[in-house]
Structures are given as structure tokens and as C-alpha cells.
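Down below is the structure, laid out as C-alpha cells.
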Number of protein chains: 2
Amino acid sequence: MTSATQVPTRREEILALAAGLFATRGFAGSTVREIADAAGILSGSLYHHFDSKESMADEILRAFLDEILADYHAAIAAAEGPVDALRRLVHVAYGALGPHRAAIAVMMNDWNLLVQQPRFAYLRDRADETERLWVGVIADGVAAGAFRADVDPRMIYRFLRDAIWVSVRWFQPDGSTSAHDLADRYCDMLLGGLTRDQGGPT
Amino acid sequence: MTSATQVPTRREEILALAAGLFATRGFAGSTVREIADAAGILSGSLYHHFDSKESMADEILRAFLDEILADYHAAIAAAEGPVDALRRLVHVAYGALGPHRAAIAVMMNDWNLLVQQPRFAYLRDRADETERLWVGVIADGVAAGAFRADVDPRMIYRFLRDAIWVSVRWFQPDGSTSAHDLADRYCDMLLGGLTRDQGGPT
DNA sequence: GTCTATATTGAGATAGAC
DNA sequence: GTCTATCTCAATATAGAC
């Protein structure tokens with residue numbers, strides 16, 4: 001909403017390059033010199049735009065988490081029943097694989113390292129809020145009889161979350177399948193196991 | 001077989017400590033000084049046991065990958081049909097979450113960084129062989145009619161692999177559920193969606 | 001097997017000119 | 001907004017004594 005997404009500023013260009021490096025080489029494995037090289041400037045010049053390497057990762061993750069949390073809230077508000085809500089949440093998550101690919105990779109690879117630093121403590125808050133939203137939807141579905149009752153909603157949430165995010169490692173949204181195709185396939189596979197109207201496994 | 005697993009040697013003790021650090025702080029985010037501190041020695045003394053920090057990660061990953069590949073082969077050889085084979089593979093993978101927790105965390109967090117180095121090129125070979133085994137089982141199941149035919153075996157494999165490994169981030173095998181409980185739960189959820197004898201989702 | 005001591009490199013970051 | 005030049009510190013790694 002407030003963040004500029006028109007023609008990218010130099011600052012945003014550099015941030016995107018940094019994100020790409022963090023995503024492929026990890027946060028600690030990327031150097032400010034590599035970032036500067038990618039931007040075609042010298043490492044010292046980076047500090048005209050950013051305070052530190054950490055502040056780059058901070059901005060990358062914050063932008064992603066704020067946007068997706070808002071999208072989650074909107075998805076739940078628009079949903080008709082828990083099954084629809086879960087489908088919408090899955091689509092929101094997969095939809096972020098394109099525009100926020102690098103942020104998701106950073107989140108997957110460097111979460112443990114970053115949350116240990118005080119300045120990244122907000123990551124936990126965002127993660128907790130996200131978990132509350134998803135677990136609420138799943139628990140509602142169990143209560144309503146839409147999902148089988150012999151599952152732990154928290155465990156289900158974690159399976160889903162991880163399976164979705166980690167696909168950032170291999171999924172190329174430009175390929176034959178779009179992110180929403182993938183979301184549909186995943187929901188089909190998932191709901192077949194989550195919904196209760198099937199026989200037992202063979 | 002050949003590797004000693006009796007009373008751990010000093011070398012093995014240090015390796016386990018290094019693995020723990022790599023797992024929580026990442027490979028690039030861990031320093032040899034931290035490893036030495038954990039072992040109660042000075043950083044220089046580490047080089048009596050190991051050539052380099054890389055060689056530590058090398059040993060950690062190699063031991064894990066060699067063992068689990070052997071277990072995968074054995075699981076497939078012992079299985080009666082594709083569904084049983086898939087269940088067994090899932091159990092082997094989850095079974096590694098206890099003894100190889102740190103190696104799995106390193107694999108999850110630092111895979112991209114490490115495979116870029118020539119000395120870790122073998123990681124790709126192991127990954128390819130693993131994928132062949134799993135995809136073969138899934139494809140056999142589709143051919144035999146045990147799994148629904150509208151799935152891409154490679155995509156299914158990746159969903160499974162990632163969902164299993166990434167649970168190293170939150171699963172504590174010492175808790176109320178064992179790794180094999182988790183494997184069973186996951187298989188139930190999964191096969192309900194993979195096997196074809198259910199109605200459509202609600 | 002560990003220590004002392006240190007070499008050497010590369011990292012993040014800064015000051016001021018242009 | 002970038003460059004030149006450089007500081008400072010921390011990183012991996014080594015040599016030889018104990």
C-alpha cells in the first residue's frame with residue numbers, strides 16, 4: 001500500500017540484488033562486496049543506501065511478512081467456510097513464491113541465525129500471528145466436521161507451511177505450471193487426506 | 001559398518017559439537033572459535049583433528065547420506081508393493097531425525113551454499129540417487145493403480161522430501177511423539193490423499 | 001592432544017573527495 | 001550517488017613448544 005512498487009529506485013534495485021544473493025548463498029555466506037559487485041558499485045557505496053548488511057535482510061523480510069500477513073487476513077475474511085479458507089491460504093502462500101522468492105529463501109535458510117539476534121525478534125511475532133491464523137482455520141474445520149478429527153491442527157499447519165515454503169528451492173513460477181497451478185495440485189493432494197469422506201488407505 | 005560408533009573418540013565428540021553449531025547457526029554463521037569453545041579447547045587445536053571447517057561439514061553430511069541411502073535401498077528391497085515401500089521410505093527418513101538431526105539441519109540450511117563448492121559436488125549425486133529411488137516407488141504405485149494417476153511422481157517426491165526434512169526445525173524426538181509416530185501420522189495424512197479409493201474433497 | 005603465538009586474509013564499515 | 005582510501009576486527013589457518 002504505502003511501499004513504492006512503480007519504477008524501482010536505486011535503493012530498491014540494490015535491495016533486490018542483495019535478496020538474490022542472500023537467497024542463493026545465505027545471509028552469512030554473502031558479502032557486502034558481492035552485493036556491491038552485483039550492483040556495479042564499490043562496497044563502501046552501499047552504505048549511502050543502507051546502515052548495514054543486517055538492515056538489508058531486515059527490510060527484505062519485513063516487506064514480505066507484512067504483505068503476506070495482510071493477504072492472509074483478507075483471505076480468511078473472504079472465505080466461505082474452513083475448507084475454502086484453507087484453500088485460499090495455500091493460494092496466498094504459493095502466490096508469494098514469485099514476487100517474494102528471495103525473501104522466502106532467506107526465511108527458509110537463515111531463520112535460525114537471524115531470530116537469534118534481538119533486532120530480528122519481530123520475526124517470531126509475525127510467525128506466531130501467522131500460526132494463529134492457520135491453526136484457527138484448521139481447528140474450525142475440524143470442529144465443523146470438514147476435516148478429520150484425528151489430526152493435531154498445529155502439526156498439520158507445520159506440515160503445510162514447510163512443504164509450501166520449501167518448494168522455493170525447486171519451483172520455477174515461469175515454467176509450465178504457475179504458482180496457482182501448484183497451489184491447486186497441493187490442495188487436491190492435501191484435502192484428499194484431510195477431508196473425511198474417503199475410505200482407509202490401501 | 002566400518003565407522004566406529006562405540007565410545008566416541010575425541011574427534012567424533014568434536015564433530016558432533018560442530019554439527020550442533022552448524023545446525024543452529026548455519027555453516028557460514030559458525031566459527032571455528034565457537035566450535036573450539038564448545039569443545040573446551042583453543043581454535044588452533046582443532047586442526048590437529050581436521051583439515052578445515054569444510055572437512056567437518058563434509059564428514060557430517062557424508063556419514064548421514066551414506067547411511068540413509070543404504071537404508072532406503074534396504075527398505076525398498078524389503079517392501080511388499082509400492083504403498084508399503086513408500087511407507088517404509090517415510091519411516092527411514094523420519095527415523096534419521098533423531099540420530100542425524102544436525103546433519104539434516106545442515107543439509108536443509110546450507111545445501112545451496114555447499115553444493116556450489118566443487119568439494120561438495122557429491123551431494124548432488126547422492127540427491128539424484130535418492131530422487132531416483134523415491135520417484136521409482138511412486139511411479140510404480142501409479143502404474144499399479146495404488147496411487148492416483150493425476151499426480152507427477154517427481155512433484156510428489158519433492159513435496160514429501162521437503163516436508164519430512166524441514167520438520168527437523170520443530171520436531172523434538174524426545175517429546176510425546178516418537179519419530180515413527182510422526183511418520184505414521186504423516187503417512188496417514190498423505191496416503192489418504194494419494195490413494196485413489198476416496199470421494200472428492202468437500 | 002592441547003597450548004602459545006601469530007600469520008594472513010577477508011569481512012563490515014567509515015570519512016571525505018568528487 | 002559513487003569513488004578512493006583505509007580502519008578495525010574477526011575469520012581461518014599454521015608452526016612449534018609442551
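Values below: all heavy atoms of this structure, side chains included; hydrogens, waters and symmetry mates excluded. Protein chains get the first letters and strands the later ones, always in sequence-line order, with residue 1 at the start of each.
- Separating the CZ atom of A:F50 from the P atom of D:dT2 is a distance of 11 Å, rounded to the nearest angstrom.
- Heavy atoms only, all atoms of each residue included: B:S55 and B:D51 are closest at OG-N, 3.6 Å.
- Between B:D188 and B:R87, at least one side-chain N (NZ, or NE/NH1/NH2) sits under 4.0 Å from a carboxylate O, which counts as a salt bridge.
- Residues of residues 18-26 of chain B having a heavy atom closer than 4.0 Å to DNA chain C: none are found.
- Atom CD1 of B:I41 is separated from atom P of D:dT12 by 14 Å (rounded to the nearest Å).
- If you check every strand for non-hydrogen atoms under 4.0 Å, A:L42 touches a base.
- With salt bridges taken as basic N to acidic carboxylate O contacts below 4.0 Å, none links A:R132 and A:D128.
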### Message
Between A:Q116 and B:T24, is the side chain to side chain contact (heavy atoms under 4.5 Å, CB included) condition met? List the steps.
### Response
CA-CA 9 Å; A:Q116 287 175 32; B:T24 56; 4.2 Å; yes
### Query
What is the per-nucleotide protein-contact pattern of nucleotides 12-18 of chain C, from the 5' end, where B denotes a base atom under 4.0 Å from a protein heavy atom, S denotes such proximity for sugar-phosphate atoms only, and - denotes neither?
BBB----
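- Looking at heavy atoms from C-beta onward, B:T177 lies in side-chain contact with B:F171 at the 4.5 angstrom threshold.
- A sub-4.0 Å separation between OP1 or OP2 of C:dG1 and a side-chain N or O of B:R11 is absent.
- Rounded to whole angstrom, the span from the NE2 atom of A:H49 across to the C1' atom of D:dG1 amounts to 6 Å.
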Sequence neighbours left out, cut at 3.5 Å: what donor-acceptor pairs do the side chains of residues 69-81 of chain B make with other protein atoms?
residue: B:H73; atom: NE2; partner: B:E129; partner atom: OE2; Å: 2.9

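- Between the B:R25 side chain and the B:S30 main chain, no donor and acceptor come within less than 3.5 Å of each other.
- What separates CG of B:L46 from P of C:dG1 is a distance of 13 Å, to the nearest Å.
- The distance from atom CG of B:D37 to atom P of D:dT12 is 12 Å, rounded to the nearest whole Å.
- Proximity of A:H48 to the phosphate of D:dT2: no side-chain N or O atom is located under 4.0 Å from OP1 or OP2.
- Under a 4.0 Å N-O distance rule, the pair B:E54/B:R119 does not qualify as a salt bridge.
- A salt bridge does not link B:D162 to A:R169: none of the charged side-chain nitrogens sits closer than 4.0 Å to a carboxylate oxygen.
- The interatomic distance linking A:M56 (CE) with C:dA11 (C1') rounds to 13 Å, in whole Å.
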